[in-house]
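Structure first, commentary second.
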Amino acid sequence: MRRARITDQTQLESRNLRTPRAAAVAGIIFAVLLITALVLLRVSSPPRTSEAGAWLASPGNRAELAIALNLVPFAGIAFLWFIGVLRDRIGDREDRFFATVFLGSGLLFVAMLFVAAAVAGATIAAAGSGLPGTDVLVLSRNVTGSLLNVYAMRMAAVFTLTTVNIARRTRIVSSWLIYAGLACAVVLLIGIGISPWVELVFPAWILALSLEILVIRGRAAAAPTAAAAPAGE
């Protein structure tokens, strides 16, 4: 009977430990893909809108942009998975208000990211068959930039703030990540126009959060094994 209870408890602990690992893996995949996409996007496109048509004439630039845009859907899928497993990790401790803002801001971030990628992808497809007019390229670039910088990154800031509040209440991560998340949210809210590279702050914070969850999961998995060793002897 005792052995059966120990077996049931071990199975329950194993089930509970899968969720943090899944969240960590999804967060790491999202961060790596989004960082790669944003870096390729910034490197392959010029910073000035006066060069709207010339840079698209290069097949190399179009190829880099195509790779970046093809990574965006997979980054969004990984982010949705990250949201789902993180909410499962929080469980009954989740507050309805923060849960609503957390889920809503995350979904809006992914939606804005997808729309921005779709607009940029349509522009690249049009440039492949013949360079569009300068006005069209400038409009497409401004729409893509607004969706990504003004809206998507603001939603990322709101998502970070709610995640920080949830983490602070439930104590699922270290305190330094909470302060780093607050700094990340402030930078995304008021500093996104200073430099386009500020966008990398959000996936970098998600990467740090995911690694933290993975480390906590590893420690939690090692603890029952160490506790059970004297009993087996």
Side-chain angles (χ1 to χ4, degrees), residues 19-20 22-35 37-38 41 71-120 143-213:
T19 295
V25 172
I28 291 171
I29 293 173
F30 160 76
V32 171
L33 291 179
L34 187 59
I35 288 174
L38 290 176
L41 181 65
L71 292 177
V72 170
F74 297 101
I77 292 170
F79 188 71
L80 292 176
W81 187 270
F82 174 78
I83 293 176
V85 293
L86 193 60
R87 288 191 67 193
D88 186 67
R89 165 69 170 166
I90 297 168
D92 296 334
R93 295 171 293 178
E94 187 179 60
D95 180 83
R96 289 185 178 180
F97 172 77
F98 286 110
T100 302
V101 181
F102 171 82
L103 181 60
S105 59
L107 294 177
L108 284 173
F109 167 75
V110 174
M112 297 296 176
L113 194 65
F114 282 4
V115 174
V119 173
V143 170
T144 303
S146 296
L147 287 170
L148 184 60
N149 297 328
V150 179
Y151 297 100
M153 289 302 157
R154 261 50 176 216
M155 288 300 99
V158 175
F159 177 85
T160 305
L161 283 175
T162 53
T163 305
V164 163
N165 276 281
I166 293 173
R168 181 177 59 84
R169 289 167 177 255
T170 57
R171 299 180 181 178
I172 60 174
V173 295
S174 302
S175 57
W176 73 270
L177 264 176
I178 295 176
Y179 295 118
L182 289 173
C184 172
V186 171
V187 169
L188 290 175
L189 281 173
I190 64 177
I192 193 65
I194 298 175
S195 170
W197 298 103
V198 173
E199 300 165 355
L200 300 177
V201 172
F202 177 63
W205 183 76
I206 294 293
L207 180 61
L209 176 64
S210 302
L211 292 174
E212 170 81 4
I213 293 174

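Counting only residues at least two apart or in different chains, salt bridge (Lys or Arg N to Asp or Glu O under 4.0 Å) contacts with residues 186-203 comprise R42-E199. The salt bridge (Lys or Arg N to Asp or Glu O under 4.0 Å) pairs that include a residue from residues 153-162 number zero, where partners must be two or more places apart or lie in different chains. Identified under the salt bridge (Lys or Arg N to Asp or Glu O under 4.0 Å) test for residues 98-115, with sequence neighbours left out: none.
Distance check, rounded to the nearest 0.5 Å: CG of L34 to CG of L41 gives 10.0 Å. To the nearest 0.5 Å, the span separating CH2 on W176 from CD on E212 amounts to 6.5 Å. Note that the CD1 atom of I206 and the CD1 atom of I213 stand 8.5 Å from one another [nearest 0.5 Å]. Remark: F202 CZ to T160 OG1 distance equals 4.5 Å, nearest 0.5 Å. With rounding to the nearest 0.5 Å, the separation of CG in L71 from CD1 in I35 is 12.0 Å. With rounding to the nearest 0.5 angstrom, the CD1 atom of I28 is 11.5 Å from the CG atom of L33.
Between A31 and P203, the shortest heavy-atom distance links the atoms CB-O, 3.2 Å. Across N165 and L161, no two heavy atoms sit closer than the pair ND2-O, 2.8 Å. The shortest non-hydrogen separation linking S210 to A24 is O-CB, 3.2 Å.
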Can I get a per-line list of side-chain donor-acceptor pairs under 3.5 Å for residues 177-185, giving both atom names and the distance, sequence neighbours left out?
none

Donor-acceptor pairs are to be reported for all side-chain atoms of residues 102-120 against protein atoms at under 3.5 Å, with residues two or more places apart or in another chain.
unit_1, atom_1, unit_2, atom_2, d
S105, OG, V101, O, 2.7
S105, OG, F102, O, 3.2

Taking distance alone, no hydrogens or angles, what donor-acceptor pairs closer than 3.5 Å link side-chain atoms of residues 74-83 to residues at least two apart or in another chain?
none

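Between F159 and L188 the shortest side-chain heavy-atom distance does not fall below 4.5 Å. L209 has its side chain within reach of T163: a pair of non-hydrogen atoms, C-beta onward, lies under 4.5 Å apart.
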